[in-house]
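Heads up: the structure comes next, in structure tokens.
Here the structure is a predicted model, which is why all the values come from computation and not from measurement.
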Amino acid sequence: MNWDDLRIIAAVRDEGTYAGASARLRIDETTVGRRLSRIERALGLRLFEAVDGVRRPTRSCEAVLAHVQAMAAHAAEIGRVGRSLPGPAGDLRIASTNAFAEEVLAPHASDFLRANPGLTLQFLTSSDNVRFSRWEADLAIRLRKPDKGDFSISRLGDIKLYYFEPVATEGEPMLCAYPDELGAIPEMQFLRTKKIRPRCVTDNVRVIRTLIRSHRAAGVLPEHSCTELLGDRRLRATLLPKRRDVWLLVQNHLKRDAATRVTIDWVRSCFEQMSRA
């Protein structure tokens, strides 16, 4: 076995096919299959099973991949040994919603990176959760607590929610709601009490904020997305009785890493500053 072969295991797991892994690693598809067979023979294990045309990792494969991920982290650290920059060094991927990255983390990122020249942050922003269990991110900020996973979970705090509606409008305001798959969140639970048919459905808080700013629409926004609206006298703001919990996920193998620890402290400070504001 060698490092290149072990990387192929992770690529097949992530892509689901030999073809996808070959494109990602820029090697022939036949080479992918041949090297995997060689590893399986050496280990005496079956690494993947074909299910509906997709290569699914076996339980044994997941155990191997945990070691591969740890090796990847060590390889990255070796590459940073020669750096002369002071303080912790590392490249960390933070997954979160667009709104949280833009309005909570980004305003403080410049000062943090200037104070830690050895760090690089990659923001992975999406409405969909990254596959954290597959190491697609190092840290993740979630508005819903995962049921389980091989990672550390801690509570960052909670977020205030406000319902905005125009003070004066002709007829009922256009109601902005979230998709049905988010029906369990406090925002949707509150909106159902209004007995108004939603006219705009989206999971993008920026879209909802823009419509509310027109003074013709109503909707619920988290506190970090509505600061400017709270002072608008043409809008009525109602604080919802329920709040949304915020959770921080950290890959287990990074919990004691110096770069990860300083980044975790920074994320927590960003959240605390938002809460104080």
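- Listed for the Glu223 side chain is a donor-acceptor partner under 3.5 Å among the backbone atoms of Lys160.
- Side-chain atoms of Thr58 come within 3.5 Å of backbone N or O of Arg46 as a donor-acceptor pair.
- A donor-acceptor distance shorter than 3.5 angstrom exists from the side chain of Gln251 to the backbone of Ala137, with no hydrogens or angles considered.
- The minimum heavy-atom distance between Pro222 and Ile159, with the atom names listed, is CB-CG2, 3.8 Å.
- A salt bridge does not link Glu49 to Arg56: none of the charged side-chain nitrogens sits closer than 4.0 Å to a carboxylate oxygen.
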Intermediate values then yes/no, side-chain contact (heavy atoms from CB on, under 4.5 Å), Phe190 and Lys242: CA-CA 9 Å; Phe190 178 85; Lys242 290 186 178 181; over 6 Å; no
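- Residue-environment remark: CZ (Arg192) exceeds the threshold of 12 foreign heavy atoms within 6.0 Å.
- At least one donor-acceptor pair under 3.5 Å links the side chain of Glu40 to the backbone N or O of Leu47.
- Annotation: the span from Arg234 atom CZ to His215 atom NE2 amounts to 4.5 Å, rounded to 0.5 Å.
- Rounded to the nearest 0.5 angstrom, Asp14 CG and Ile9 CD1 are separated by 12.0 Å.
- Smallest separation of non-hydrogen atoms from Arg236 and Pro166: NH1-O, 4.1 Å.
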side-chain contact (heavy atoms from CB on, under 4.5 Å) between Glu102 and Phe123, worked out: CA-CA 10 Å; Glu102 294 171 8; Phe123 292 101; over 6 Å; no
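- Linking ILVMFWY side-chain heavy atoms closer than 4.5 Å, directly or via other members, places Val205 and Val246 in two distinct hydrophobic clusters.
- Here NZ of Lys195 is found 8.0 Å from OG1 of Thr193. Values are rounded to the nearest 0.5 Å.
- No side-chain heavy atom of Phe100 sits less than 4.5 Å from a side-chain heavy atom of Thr125.
- In this structure, Gly183 and Met188 approach most closely via the heavy-atom pair O-CB, 3.7 Å.
- Across every non-hydrogen atom of Ala217 and Ser214, the tightest pair is N-OG, 4.2 Å.
- Note on Val54 and Ile8: separate hydrophobic clusters, where clusters join Ile, Leu, Val, Met, Phe, Trp and Tyr whose side-chain heavy atoms are under 4.5 Å apart, directly or indirectly.
- A donor-acceptor pair is defined here as one N or O able to donate and one able to accept, closer than 3.5 Å; no such pair exists between the side chain of Asp203 and the backbone of Tyr178.
- When side chains are defined from C-beta on, Leu211 does not count as touching Arg216, because their heavy atoms never get closer than 4.5 Å.
- In terms of heavy atoms, Ala259 sits closest to Leu119 at CB-CD2, 3.4 Å.
- Side-chain atoms of Glu62 and Arg13, non-hydrogen and from C-beta on, do get closer than 4.5 Å to each other.
- The minimum heavy-atom distance linking Pro173 with Ile196 is given by the pair O-CG2, 4.4 Å.
- Under a hydrophobic clustering in which Ile, Leu, Val, Met, Phe, Trp and Tyr are joined whenever their side-chain heavy atoms come within less than 4.5 Å, directly or via other members, Leu121 and Met274 fall into the same cluster.
- In this structure, Lys194 does not pair ionically with Glu165, as no charged nitrogen and carboxylate oxygen lie closer than 4.0 Å.
- One hydrophobic cluster, built from ILVMFWY side chains closer than 4.5 Å, cannot hold both Tyr163 and Val207; they sit in different ones.
- At least one side-chain heavy atom of Asn116 sits under 4.5 Å from a side-chain heavy atom of Pro88.
- Residues Leu25 and Thr31 fail the side-chain proximity criterion, which asks for heavy atoms closer than 4.5 Å.
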Check against side-chain contact (heavy atoms from CB on, under 4.5 Å), Asp138 and Thr260: CA-CA 8 Å; Asp138 301 307; Thr260 304; over 6 Å; no
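- Taken from CG in Leu124 to OG1 in Thr97, the straight-line distance is 12.5 Å, to the nearest 0.5 Å.
- Here the straight-line distance linking atom NE2 of His108 with atom CZ of Phe271 works out to 12.0 Å at 0.5 Å rounding.
- Here the CH2 atom belonging to Trp266 is positioned 4.5 Å from the CG atom belonging to Leu105, to the nearest 0.5 angstrom.
- One N or O on the side chain of Asn252 and one on the backbone of Ser152 form a donor-acceptor pair closer than 3.5 Å.
- Taking the charged nitrogens against the carboxylate oxygens, Lys145 and Asp245 have no contact shorter than 4.0 Å, which rules out a salt bridge.
- The shortest side-chain heavy-atom distance between Pro198 and Leu191 does not fall under the 4.5 Å cut-off.
- Judged purely by atom type and a 3.5 angstrom limit, Asn204 uses its side chain to pair as donor or acceptor with the backbone of Arg206.
- Within 6.0 Å of atom CZ in Arg155, more than 12 heavy atoms from other residues, nucleotides or ligands are found, so the atom counts as buried in its surroundings.
- Salt-bridge annotation for Glu187 and Arg244: present, with a side-chain N of the basic residue lying under 4.0 Å from a carboxylate O of the acidic one.
- Between Glu228 and Arg213, at least one side-chain nitrogen of the basic residue sits less than 4.0 Å from a carboxylate oxygen of the acidic one, meeting the salt-bridge criterion.
- No side-chain heavy atom of Arg199 sits less than 4.5 Å from a side-chain heavy atom of Leu175.
- A chain of hydrophobic side-chain contacts below 4.5 Å, direct or via other Ile, Leu, Val, Met, Phe, Trp or Tyr residues, connects Leu6 to Phe48.
- Using a 4.5 Å heavy-atom threshold, the side chains of Tyr18 and Thr30 count as separate.
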CA sep, side-chain torsions, deciding dist, call: Arg144, Leu182, side-chain contact (heavy atoms from CB on, under 4.5 Å): CA-CA 11 Å; Arg144 184 182 303 172; Leu182 299 178; 3.6 Å; yes
